[in-house]
Each structure stands twice: as C-alpha cells, then as structure tokens.
Amino acid sequence: MRNSTKIKSLLQSTEFDSDVTIQGWVRTKRSSKSISFIAVNDGSTLDNIQAIVDNVNFDEQTLKNITTGTGVKISGKLTKSQGKGQSVEIHATEIKVFGTTDSKTYPLQKKWHTLEFLRDIAHLRPRTNTFGAILRLRHAMAFAINKYFNDKGFYYIHTPIITGSDAEGAGEMFRVTTLDMKNPPRTKKGDIDYSKDFFGQETNLTVSGQLEAELAALALSEVYTFGPTFRAENSNTSRHLAEFWMVEPEMAFYDIHDDMDLAEDFLKYLVKYALDNCLNDLQFLNKMFDKELIERLESVVKTDFKRISYTEAVDILVNSGHKFEYAVEWGIDLQSEHERYLVEQHFNCPVMLTDYPKDIKAFYMKQNDDGKTVRALDVLFPMIGEIIGGSQREEDLEKLQKRMDEMNIPHEEMWWFLETRKYGSVPHSGFGLGFERLMLFVSGMKNIRDVIPFPRTPNNAKF
Ligand code: 4AD
Ligand code: MG
C-alpha cells in the first residue's frame, strides 16, 4: 500500500503541523537563493500542492534535479498557506527524486499547448491540467452510468466484441481474421474461404452490443451493456471515432414512451452527477474552453426535453427559411446541421425525435401501422446533435422476417435472434448512448479526439 497521501485529500486537510508525504510530478519550480517553491500534482485533483523548501537543508544536486516533469516524493509538515490561491502547503523535510526530466526536450512546458499538439503527444497529455480534468470526468461518468443502472435494478451484461453479425446493417465493420492475407484459402468459386478462418466463419468487431443485450433483456427484464464498439466509417469529423464506447440499456415491457422517459432521466442524472461531483474540473474547462459550459449543463438538468416526430421536425426545417448545406426533404437522414438547428435555434433545449422513415433505420425497429415509419428514437443535444440512438424493437416474428427479406438480411445468420420472437416474445425497447458524445457535452470540448485517451480515427491508431 502507498505510504503517502493523495494531494486532493491533503488540500482539504486542516491537520496543520502533522507530518505528511506526497508523491507526484513537479509542475513548476521557482527558486530564490534561500528558498524554493515546488508545485506538485498527482492527478487526484486539478490543483497542485506547494512544497516550500529551505535550500540549505538539501544538497545542491537534489534541488537541481527537480525540474518540470520530475517524479518526486516529498515529506514534511503540513502548514496553513500564507500565499493566496491555496489552502495548505508542505514545509519539506525530505525529498526523494525518482525520475529526472530533461527539461530541454520535455514537450510539456509551462505555456499554453494547443489541443492539436497534445494529440500528437497523447502519451504525455494525461499530465496536463486539461487531460487530468477530462480523465477524471470520464471516470466519474463511467462510474455514474454503472451506479444509475445498478440502483435501478438493471444488470450489466458483457456482450461479445468479436461477432458474426452486423447489428446496424450499415456494413461498416472491421474484419477479424487470422487468414494469411497474401495467400488466403479459396472456395471453388474463387472467393476467400472463411470456413478455414479461425472461427470457421466470417467475423468482425462489433458495431453494437444491442442484439445480444436483447437476448438478455428477454430473460432478466432490464439490462445494459457498456463496452467498446467499432465502426469503419470513413468519417473524419469532430464527432466520429472508429473505436468508441457505447452504453446500451435494453428493457423488456418498455414501449417507445418508456424508452424516452428512461433516456431523459438517464441523461439528466449523468449531467447532474458531473455538476455535483466534478465541479472543480468543470469550472476549469468552463474557463479555458467554453464559457457557457456550466450554464448549459445546468439548463439541461432543469428543462423538459422536447418530444416530436421526425415528420414534424422535417416540417420545421423546411419552413424555417434557413439555408442548410444539405437540403431537407422527408426521407433524408438528418445531418448534424439539421439536428443542431432544431436544438439550438428552434427549441433551445434537447429534442427527442421519433418515428423515422423505415428506409434510413435498422431492420430491428418496430414498424408503425403507416407502413412508412418505425418507432426509432434519436436524442439530440446542443453542440452535439445526436447523442442517443434507439428504438422500440419489432417483437412480431413475421413482420421482422419480412423486413429482413426487404433488406436482404439472411435469416440463417440471425436464427438465434429470430428465436426470441418465436419463444415468449414481448414488447421491448432500448437505446445506445455514445459515451464520447456524452463526454463532449459534459466537458465542453469540441473534438471527440480530446475526450478519449487514445483516439482511433482514419489514418491514426498511434499509442
Ligand atoms: O445510433 P447508433 O448507431 O445506434 C445503435 O448502435 C443501436 N444499436 C443502439 C441501441 O439501440 N442499443 O449509435 C448509438 C450512439 C449514437 O447516437 C452516437 O452517440 C454514438 O452511438 N455513435 C458514435 N460515437 C462516436 N463515434 C462514432 N462513429 C459513433 N457512431 C455512433
Ligand atoms: Mg444513430
């Protein structure tokens, strides 16, 4: 066990004159002839603790070795701070230098680094105030997600990463294979023979845990998955990753309205959790990146989300007189600019859209009686656009099979999914929250590459 105290708890301590030890990395050092001030951070909080060092008590080399980035252990007496901006400091009696840092080449200098520059040094960016805040916030959101569902009696289901099915039917999957790419086995027809591959069939990285979550929901009633998902879509935008985390609750006996109620309650809970537990980091992000962040978060917690149909939304957009880059007509997949217009210009609050045209949505969504639309749900957020995608599921075996035929999805591949509609099928619903989209919203960052430790995007899988 560690024999030192986390800086976060020391900064709240009032046990003055007690002997304390901290371990962390030097952020800055200021020295005069007789005295040095060393600011140390251990990542437990945004704030540094300051160690006051009487230079005479330490050998010159030790003091010289202490530069920005150096790993140190400092023991001393906790004292009430004289300087402003900090509550306590440490009068150092012992200093151990672990790893020194070549200050000439250390990329993190005490100056403002651009987010683009920090992406290139993603191995060091956790040491910056910005990424410390982001990583703590990410942790808090992941914890809050598990807490929310646990408190509600949902069970966490671990769905597979490697799969043979394409849940969303968009065909944007990464292949998983151990075949020799230079000389793959061939069938008589000349195609690659995947029956010789590792799993004896074609496999991919999953785009969603939904289909397997449905299997569990139809036994445990309320479940969720929370894991990495993969999409090989070549969209180099500030909102898309090739590898992202998705939270997917799936609930038996929920219709689309229950689904919407849960989505709204869940999102409000998460945003409120961030405000209640991460205010220090949020205030920093508010100051540095987005002056309206905290105000926006508070407003989302307070306001009712607007609920309208896709058809109503299209009418609003068409009648808006606004010039969109992509023209709007019934049947199109809404672009981020349309979604943001609805949220930021028209309603000025989060919007939940339902009943999308069936042709732009996945095969599993419950079909409406109009024969044109399905019980889809998208939740649209300010600054983000789509943050949640979900639906009520088609529980009728025949209707589901018919839709699969129309979309050329072979029944054999989905036999296990279809059996749930054959044996004790019940109404059920679910949705998927993109974890990094949530992180974008809660942190106020503008680029999704800046809310995940090691982003995977087209042409980039470094670190
Ligand atoms: O709307 P999507 O594709 O829905 C599904 O995958 C369903 N199976 C979910 C369900 O009903 N269980 O994706 C859900 C969410 C999106 O709303 C978005 O927030 C996020 O996942 N998302 C992405 N986030 C980052 N990068 C990408 N490439 C994303 N694609 C989707
Ligand atoms: Mg979607």
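When a ligand or atom number is given, it counts from 1 through the structure's own listing order.
- For an aromatic pair to be called close, the ring centres must be under 6.0 Å apart, and Y156 with Y224 satisfies this.
- Looking only at protein heavy atoms, the nearest one to atom 15 (C) of ligand 1 is G432 O, 3.5 Å.
- When hydrogens are left out, the protein atom nearest atom 26 (N) of ligand 1 is L241 N, 2.9 Å; that is the closest non-hydrogen contact.
- With a 4.0 Å heavy-atom cut-off, ligand 1 is reached by the backbone of R239 but not by any atom from C-beta on.
- Residues W416 and Y423 place their aromatic rings such that the two centres sit no closer than 6.0 Å.
- Here the heavy atom of the protein found nearest to atom 18 (C) of ligand 1 is R437 NH1, 3.5 Å.
- Separation of the F381 and F305 ring centroids falls under the 6.0 Å cut-off.
- Residue E329 places its CD atom among 12 or fewer non-hydrogen atoms of other residues, nucleotides or ligands, all under 6.0 Å distant.
- Ranking the protein heavy atoms by distance from atom 24 (N) of ligand 1 puts F244 CD1, 3.5 Å first.
- For atom 11 (O) of ligand 1, the nearest non-hydrogen atom of the protein is R393 NH2, 2.9 Å.
- Ring geometry for F454 versus F463: interplanar angle of 30 to 60°, hence tilted.
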message: salt bridge (charged side-chain N to carboxylate O under 4.0 Å, His left out) for E222 and K152? Distances and angles first, verdict last.
response: CA-CA 9 Å; E222 293 175 315; K152 277 192 156 352; over 6 Å; no
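- Against a heavy-atom cut-off of under 4.0 Å, G390 is close to the following atoms of ligand 1: 11 (O).
- The backbone N or O of G209 sits less than 3.5 Å from a side-chain atom of E248, completing a donor-acceptor pair.
- Residue D378: no N/O/S atom is found under 2.8 Å from the Mg ion (ligand 2).
- Among the atoms of M246, none of the N or O lies under 3.5 angstrom from an N or O of ligand 1.
- Taking the Mg ion (ligand 2) as reference, the nearest N/O/S atom within E386 carries the name OE2.
- Between Y341 and H322, the ring planes lie tilted relative to each other; the angle falls in the 30° to 60° range.
- Remark: ligand 1 atoms within the under-4.0 Å shell around heavy atoms of Y364 are 7 (C), 8 (N).
- Between E233 and ligand 1, at least one pair of N/O atoms sits closer than 3.5 Å.
- Using a 4.0 Å cut-off to heavy atoms of G434, the atoms of ligand 1 that qualify are 15 (C), 19 (O), 20 (C), 21 (O).
- Heavy atoms of other residues, nucleotides or ligands lying less than 6.0 angstrom from CH2 of W415 number 12 at most.
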task: Start with the C-alpha distance between F266 and L270, add both sets of side-chain angles, then the distance that settles side chain to side chain contact (heavy atoms under 4.5 Å, CB included), and finish with yes or no.
output: CA-CA 6 Å; F266 178 50; L270 294 177; 3.6 Å; yes
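- Residue E250 does not touch ligand 1, judged by heavy-atom distances below 4.0 Å.
- In this structure, F198 places its CZ atom where only 12 or fewer heavy-atom neighbours from other residues, nucleotides or ligands lie under 6.0 Å away.
- Atom OH of Y155 is surrounded by 12 or fewer heavy atoms from other residues, nucleotides or ligands within 6.0 Å.
- Within the 4.0 Å heavy-atom criterion, the part of I388 lying near ligand 1 is the backbone and not the side chain.
- Scanning the protein for heavy atoms near atom 1 (O) of ligand 1, the closest one is E386 OE2, 3.0 Å.
- With respect to atom 12 (N) of ligand 1, the closest heavy atom belonging to the protein is E248 OE2, 2.7 Å.
- With a 4.0 Å cut-off on non-hydrogen atoms, R456 does not touch ligand 1 at all.
- One option in Q210, E214, R231 has a heavy atom closer to atom 6 (O) of ligand 1 than any other, and that option is R231.
- Looking only at heavy atoms of the protein, atom 19 (O) of ligand 1 is closest to I387 O, 2.8 Å.
- Residue G389 has at least one N or O atom closer than 3.5 Å to an N or O atom of ligand 1.
- Ring pair F149/F154 is tilted by interplanar angle, where 30° to 60° counts as tilted.
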